[in-house]
Amino acid sequence: MPSRTVIPFGPQHPVFPEPLQLTLTVEDEKVVEAVPSLGYVHRGLEKGAELNDFVKNIYLAERVCGICSFMHSWTYCSCIEELLNIEVPPRAEYLRLIFAELSRVHSHLLWLGLYADAFGLESLFMQCWRVRERSLDMQEAAGGGRVILSACTIGGMRRNLDEDMRRAFIKEVAEIRRDFERLVPVFLNDYSIKKRTVGVGVLSKEDAQSLGAVGPTLRASGVRSDARMLGYGPYKEMDFEPVVEEDGDCYARGVVRVKEVLQALDLITRALERLPEGEIKVNFRGRLKGEVFKRMEQPRGEMLYYVRASRNKNLDRFRIRTPTFANIPPLLKMLPGCDLSDVPVITLSIDPCISCTER
Amino acid sequence: MFQAMMPTVLKNLFNRPVTREYPYTYREPFKSARGRLVLDMRECIMCTACEKRCPAGAIEIKRKEGLYKFDPYSCVVCGACVEACPEKCLEIDSDWRRPVGEMKTEVWHIEPRRKKADTA
């Protein structure tokens with residue numbers, strides 16, 4: 001019988017941008033068991049939100065994640081808007097979609113870079129981040145910050161796009177698309193990438209559904225599920241169709257994200273072209289009462305927000321279920337049976353965001 | 001192989017570098033970027049609207065003592081105070097705050113006074 005060795009993988013590991021520990025039991029070079037340990041970056045953010053004024057929580061919710069910060073503020077604001085019965089102006093809704101899809105572009109490009117780095121293609125990593133920089137510049141020009149935009153507020157948006165910027169953005173999106181399309185064939189056809197990813201970390205459709213996978217991890221296993229199909233915000237007018245792949249391996253998860261970048265760029269262009277005129281913000285009054293539950297699609301998958309309040313300026317309960325939390329059980333299903341050298345690629349393929357998971 | 005690589009090699013030899021030579025070449029910030037908060041206390045009426053809106057607790061006002069304290073290193077530059085200020089004393093500058101050796105809280109002593117409409 002081959003001898004078993006226990007290897008701690010993380011929390012400090014070159015492949016992880018954030019601290020997650022996987023205790024791997026290996027038989028020779030094959031992983032037989034993986035046990036995760038979380039809790040290195042817990043910030044008590046949910047409790048903090050209960051102590052704050054609900055308006056100040058927008059800035060706190062935004063800091064749940066350092067990548068998809070805009071989507072957190074959007075989800076939080078739409079929860080409060082539902083409690084206060086506020087109707088957001090259409091222009092603000094379109095602006096929200098534009099910023100959210102820009103976050104998706106930069107998040108996926110960041111991940112594709114890290115993914116390339118995980119299997120040793122460092123120049124591809126740099127190329128992805130070079131393209132990503134353009135989308136960050138767009139966010140800074142329009143939102144005021146590279147990642148933390150503080151652009152979303154209860155009742156609408158704090159930042160508007162003027163006509164010049166709108167036209168410049170349409171051109172810039174086309175250029176990002178042109179730059180990125182030069183990298184797409186590498187991700188789809190490159191021999192060495194295929195060698196490292198095809199058939200690695202396979203998650204079957206049944207397992208993905210029963211273990212509750214979300215986002216690109218779920219869609220790469222052939223399940224047509226995306227919270228944007230619910231038609232929140234202007235997505236209902238966008239003829240949105242999710243990207244689905246069938247194989248469920250690391251390659252499929254990469255392909256889903258590559259296609260989602262192109263899809264997000266399309267959505268941004270369409271939203272910019274259709275951007276309605278009018279107000280971007282409505283004022284609100286009143287105290288919060290009741291509870292609300294929201295689902296929205298982040299770059300990493302479906303995110304759940306629960307907010308409960310009882311006529312106070314503070315919230316009674318604030319709860320977030322981030323996509324990485326849902327994707328950890330599927331990850332533990334993917335790891336057993338793989339080679340130790342494939343663990344970094346498989347772990348990265350769910351796009352782990354540990355700081356949001358632990359909040 | 002040689003033919004495939006040569007154009008890239010020549011391009012890289014004779015083209016300008018794609019990266020900026022920081023700190024010799026400085027990228028100008030975008031006009032609407034939120035770099036730092038600039039305070040002009042001459043018009044301040046100590047209404048505490050900014051203190052109430054600040055999500056980071058960076059502003060502390062003691063009206064009776066005429067004290068206005070601003071901690072620039074707690075400030076998250078969200079701009080909530082700028083929107084709240086009735087006298088437009090606060091402004092967001094697009095340039096970043098430079099690194100410092102010692103973190104100091106900015107303190108102003110302001111004579112408590114009434115709103116302009118009351119004094120006129």
Side-chain angles (χ1 to χ4, degrees), chain A residues 45 48-49 51-63 66 69-70 73 76 99 123 126-127 129-131 133-162 164-165 168-169 172 179 182 280-281 283 313-314, chain B residues 1 4-5 7-9 11-12 15-22 25-38 48-61 70-86 88 90-97:
Chain A
L45 207 139
L51 305 174
N52 256 349
D53 183 336
F54 74 88
V55 183
K56 289 182 186 174
N57 278 345
I58 307 168
Y59 308 106
L60 192 65
E62 203 165 43
R63 281 161 177 80
S69 67
F70 183 81
S73 57
Y76 177 75
F99 280 117
S123 62
M126 286 180 213
Q127 294 297 333
W129 281 42
R130 185 177 62 87
V131 181
E133 204 62 25
R134 298 187 88 135
S135 72
L136 289 179
D137 279 352
M138 281 169 77
Q139 294 201 17
E140 192 174 350
R146 276 165 63 86
V147 174
I148 303 284
L149 302 177
S150 302
C152 198
T153 189
I154 298 164
M157 291 288 285
R158 291 169 67 199
R159 294 280 184 147
N160 205 345
L161 278 187
D162 57 28
D164 291 344
M165 201 180 268
F169 268 26
E172 185 69 16
D179 275 4
R182 291 175 63 198
I280 55 160
K281 187 175 181 289
N283 291 330
K313 65 175 185 176
N314 300 52
Chain B
M1 177 69 99
M5 281 169 70
T8 316
V9 171
K11 208 171 116 190
N12 288 344
N15 273 14
R16 278 168 47 200
V18 287
T19 46
R20 227 171 275 117
E21 286 179 26
Y22 185 81
T25 327
Y26 179 69
R27 192 200 74 169
E28 288 302 318
F30 291 98
K31 260 186 224 161
S32 58
R34 297 188 320 272
R36 64 194 170 120
L37 186 68
V38 182
T48 69
C50 51
E51 186 191 17
K52 282 176 195 152
R53 301 285 176 88
C54 180
I59 300 172
E60 190 189 343
I61 299 174
F70 169 60
D71 180 4
Y73 305 101
S74 303
C75 177
V76 294
V77 208
C78 61
C81 52
V82 179
E83 285 170 14
C85 183
K88 310 277 173 246
L90 309 171
E91 202 188 343
I92 295 267
D93 189 43
S94 61
D95 207 0
W96 310 110
R97 190 171 284 281

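Residue numbers begin at 1 in each chain, while the letters A, B, ... track the order of the sequences. Computed from heavy atoms alone, side chains included, the values below leave out hydrogens, waters and symmetry copies.
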So, the side chain of B:Ser32 versus the backbone of A:Ala142: is there a donor-acceptor pair under 3.5 Å, distance only?
no

Sorted by chain and number, sequence neighbours left out, side chain to side chain donor-acceptor pair (under 3.5 Å) with A:Asp53 holds for none

Can you name the nearest heavy-atom pair linking A:Ile148 to B:Arg34, along with the distance?
O-NH2, 2.9 Å

Which atoms of A:Leu149 come close to chain B, meaning under 4.5 Å heavy atom to heavy atom: side chain ones, backbone ones, both, or neither?
backbone

B:Glu83 meets the side chain to side chain donor-acceptor pair (under 3.5 Å) criterion, sequence neighbours left out, with A:Arg158

Report the option among A:Asp137, A:Thr153, A:Asn57 that has the most heavy-atom pairs separated by less than 4.5 Å from atoms of chain B.
A:Asp137

Part of B:Ala56 within contact of chain A (heavy atom distance under 4.5 Å):
neither

CZ/A:Arg63: more than 12 non-hydrogen atoms of other groups inside 6.0 Å
yes

Could you look at B:Lys52 and say if it's the side chain, the backbone, both or neither that has a heavy atom under 4.5 Å from chain A?
backbone

Between CZ of B:Phe30 and CD of A:Gln139, what distance do you get to the nearest 0.5 Å?
11.0 Å

Bottom line for A:Arg130: the part with an atom under 4.5 Å from chain B's heavy atoms is neither

B:Val77 versus chain A, the contacting section by heavy-atom distance below 4.5 Å
neither

Other residues, nucleotides and ligands only: do more than 12 of their heavy atoms fall within 6.0 Å of OH on B:Tyr22?
no

Mark yes when over 12 heavy atoms from residues, nucleotides or ligands other than B:Arg27 sit less than 6.0 Å from its CZ; otherwise mark no.
yes

